[in-house]
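Data block below; observations after.
Worth saying up front: this structure is predicted, and the values here are computed from it rather than measured.
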Amino acid sequence: MAPTAQQQLALRQKALEEQEKRSTTASGSSSSGGAAETVDKGNKRVAHQTAPAAATGGLVMPRVSIIPGHTNLGLAFRQQVVEKFVQIMSQMYKNPQEVNEKALQMEADIAKVSFHMVTYRNKSIQAIAHLKQQVSEASGAASTAATVKTEKSSAKELIVAPPKNGQPAPNSSTAATSAQKQNYSVAPTTSQRAFGGSDPKFWSDQDFHTAMRKYLLTEDVLVVEGYPLIQGKKIDAENRRDGIQQYIAMSGKITPERITQTRRNCCRCKKEFTVDFEGNYVNGEGGCVYHWGKAFSRRVSGEGIAAKRNCCAEDSASPGCQVAAYHVADTIPSLSGFVASQGVKAKPEHRHGVYAIDCEMIYTVGGMELARLTIVDRQLKCVYETLVRPKQRIIDCNTRFSGLKMEQFTGKLGTNSPLTTIKTIEEVHKDLLGGGLINEETILIGHSLESDLLSMKFIHRNIVDTSLVFPHRRGRPFKRALRNLMREILQKIIQEDVGGHDSREDAAACMELMMWRLRQDRDRRLV
C-alpha cells in the first residue's frame with residue numbers, strides 16, 4: 001500500500017534533519033583537526049586542518065638552521081635536541097616565544113663548538129641533564145615546606161611510637177627498616193657499615209684501605225710505566241728543606257738526556273726547535289701551527305675510510321688549525337728536588353688514607369710544570385687544592401686542556417675567581433708530607449698518575465692507576481681515556497667544558513671508577 005501524502009511529507013522531513021545533522025558533524029570534526037570525511041552529495045567538503053597550538057599545550061616547535069662549517073651534524077638529530085630543550089624549558093618559562101629563542105640559542109651554541117656527532121651528542125645530553133636539574137630544583141623549592149613537615153611528622157612517629165588501641169609499640173628495628181625503605185635520608189644500618197656491606201661508602205677507613213690494596217701497582221709495573229723512583233739521596237744538610245729530605249729521581253718516561261738536550265721536538269706540531277743551556281729559545285719563537293685534536297677514522301662520501309681531526313674535521317695530514325707563539329716540549333725541567341713519602345709515618349687521623357689526585361700542567365721554557373693540584377677523598381670531597389707557581393717563565397697555559405689562564409698567575413684575575421690560593425712547589429711538599437696528609441701508607445688513585453707525580457716532584461709507591469685497572473682491549477701501550485671510561489661504565493659525561501678540564505672533576509671521576517670496581521668485585525666475592 002503506497003504511503004499517503006502526509007506520510008511522505010513526514011519521511012522527507014526526517015531525511016532532511018538527518019542530512020543536516022551529518023553535515024554539522026563532518027564540518028565540526030574537520031575544523032577541530034580531525035581527518036577529512038566523506039559527506040553527502042551537494043554538501044561542502046572541509047579539508048583536514050592542523051590542530052591549533054592550544055591543543056598541543058601552546059608549543060610551536062622552532063626549526064634549526066644550517067651552521068656554516070658544521071654541515072656534518074645531522075639536521076634531524078639537531079631538531080630532536082631543540083624540541084627536547086623546548087619541552088623542558090616550557091616548564092621554566094611562560095612565554096612560548098622566549099622558550100623557542102632560548103632553545104635555539106642553546107642548541108646553536110652547542111653545535112658551533114661540536115665538530116662531529118659524538119661531541120655534539122655528549123654536550124646535548126649534558127645540557128638536557130642540567131636543564132632537568134634546574135626544573136627539579138625549582139619544583140623542589142616550592143614543595144620544601146610540605147616535605148619538611150612530612151619528614152618531621154614521620155621522624156616523630158618513628159621515635160615516640162605511642163601505643164595505639166592498646167597495642168604495644170612496634171619494634172624499633174622493624175620501624176627503622178620500614179623508614180629506611182621509604183626515606184633515603186635514614187642513616188645506614190650497622191650491617192651496611194661493616195666490611196660485608198656491598199657499598200664501599202659505608203665501609204670503615206681501614207676496611208676500604210685494605211680492599212684497595214688489591215689494586216696497587218707492583219714494583220715492576222711502576223718501573224715500566226715510568227713512575228718516579230729514588231735514584232740517589234742528597235745527603236748534605238743544605239738539601240733538607242723544612243725537614244724534608246730531597247732526592248734525585250729516575251723515570252723511564254723522562255731521561256736526563258731528554259732534559260739537558262738543546263734540540264727538542266715540539267709536542268704539538270712535531271717540528272724541531274733549539275734552546276740554550278738555560279732553556280731560553282734560540283729559534284723556537286713563532287711558527288707553531290698545529291691541530292689540538294686527535295685523528296680519528298670516519299667514513300667520507302667518495303673517499304671511503306679517512307683519518308680526520310676531531311678539532312676541525314680536516315684531514316690528519318692537513319696544516320694545523322691553531323697557531324701558537326712558541327714551540328713547546330712535554331719534558332720536565334729537572335729530576336732533582338724530588339721528595340718521597342718513604343719513611344713518613346702516619347698520624348692517627350691519616351693512618352688509612354685513600355685519596356684520588358689530579359694535576360694540571362702548563363708549558364714553561366723548561367717543559368711542563370705543575371700549575372694546579374687537587375686531592376679528593378672517597379666521599380668526593382676536596383681535601384686539598386691549590387694553584388702552584390712554576391719556577392720558570394710561562395710560555396703557554398694550555399688553557400684548552402688545563403682550564404688555567406695567565407691572569408691566575410699574575411694576580412689580574414681578581415678575587416672573584418673560585419681558586420685564588422697560589423703556592424710554590426716547596427710549600428706544597430710541606431703541606432702534603434709535613435702536614436701528614438700523605439704518608440708511606442697512603443694510597444693514591446689517579447689516571448696515568450706517573451705524569452702527575454713527575455710534575456709534583458713526588459715519589460710514592462702505593463699507587464692505583466685507573467688506566468691499568470681498566471685496560472685497553474688492545475693492551476699496552478694503548479690506554480682508555482678517562483672520559484671514555486666514565487661514559488661507558490658510569491654513563492657520566494666529563495671534560496666537556498670548552499673552558500678546559502677541571503682537576504677536581506677528574507680526581508672525583510677516578511675515585512668513582514674505583515668505587516664501582518670495588519662494588520663489582522665485592523659482588524663476585526673477589527675482595
Side-chain angles (χ1 to χ4, degrees), residues 25-39 44-143 293 296 298-301 308 310-313 483 486-488 490-499:
T25 304
S27 176
S29 62
S30 299
S31 61
S32 62
E37 296 183 3
T38 303
V39 298
K44 184 178 179 180
R45 294 189 59 183
V46 181
H48 168 74
Q49 297 180 3
T50 305
T56 59
L59 297 179
V60 179
M61 296 300 175
R63 295 292 177 183
V64 297
S65 58
I66 297 177
I67 299 178
H70 296 74
T71 55
N72 57 326
L73 302 178
L75 286 178
F77 185 72
R78 289 181 56 201
Q79 183 64 34
Q80 293 179 10
V81 171
V82 167
E83 292 179 1
K84 189 65 176 178
F85 287 166
V86 170
Q87 292 176 7
I88 301 174
M89 287 183 174
S90 62
Q91 305 175 44
M92 305 166 58
Y93 307 99
K94 295 182 179 180
N95 188 348
Q97 183 178 357
E98 183 182 6
V99 170
N100 292 345
E101 291 176 356
K102 288 183 178 294
L104 284 174
Q105 184 61 45
M106 178 176 287
E107 190 281 332
D109 292 341
I110 294 175
K112 288 177 182 178
V113 297
S114 304
F115 293 92
H116 55 88
M117 283 298 296
V118 175
T119 302
Y120 179 81
R121 177 179 175 274
N122 292 344
K123 292 182 180 296
S124 300
I125 293 174
Q126 190 177 23
I128 291 172
H130 181 65
L131 287 176
K132 287 184 176 180
Q133 183 179 2
Q134 288 182 329
V135 173
S136 177
E137 290 175 353
S139 60
S143 60
F296 65 99
R298 60 177 299 182
R299 186 176 297 277
V300 181
S301 178
K308 301 292 183 179
N310 62 3
C311 53
C312 59
R483 60 183 294 180
M486 289 294 289
R487 184 177 66 248
E488 296 168 10
L490 299 180
Q491 289 75 51
K492 291 186 178 182
I493 306 299
I494 65 170
Q495 299 179 355
E496 287 292 331
D497 190 352
V498 295

Who are the side-chain contact (heavy atoms from CB on, under 4.5 Å) partners of Glu98, not counting sequence neighbours?
-> Tyr93, Asn95, Lys102
Rounded distance [0.5 Å steps], CZ in Arg487 versus CD1 in Ile493 = 6.0 Å
Heavy atoms, side chains only, cut-off 4.5 Å: are Tyr120 and Glu107 in contact?
-> yes
State which residues pass side-chain contact (heavy atoms from CB on, under 4.5 Å) with Gln134; sequence neighbours excluded, sorted by chain then number.
-> Met92, His130, Leu131
Which residues share a side-chain contact (heavy atoms from CB on, under 4.5 Å) with Lys84, sequence neighbours left out = Gln87, Ile88, Ile128, Lys132
By side chain to side chain donor-acceptor pair (under 3.5 Å) - contacts of Gln97 (at least two apart) | Glu101
Search all heavy atoms of Ala127 against all heavy atoms of Ile110 and return the closest pair with its distance.
-> CB-CD1, 3.8 Å
Under the salt bridge (charged side-chain N to carboxylate O under 4.0 Å, His left out) test, residues paired with Arg483 that sit two or more places apart | Glu496
Check side-chain contact (heavy atoms from CB on, under 4.5 Å) between Glu488 and all other residues, then give those that pass, not counting sequence neighbours.
-> Arg480, Asn484
Would a distance-only check, ignoring hydrogens and angles, find a side-chain to backbone donor-acceptor pair under 3.5 Å from Arg78 to Ser65?
-> yes
Side-chain heavy-atom pair Met106, Met89 within 4.5 angstrom cut-off = yes
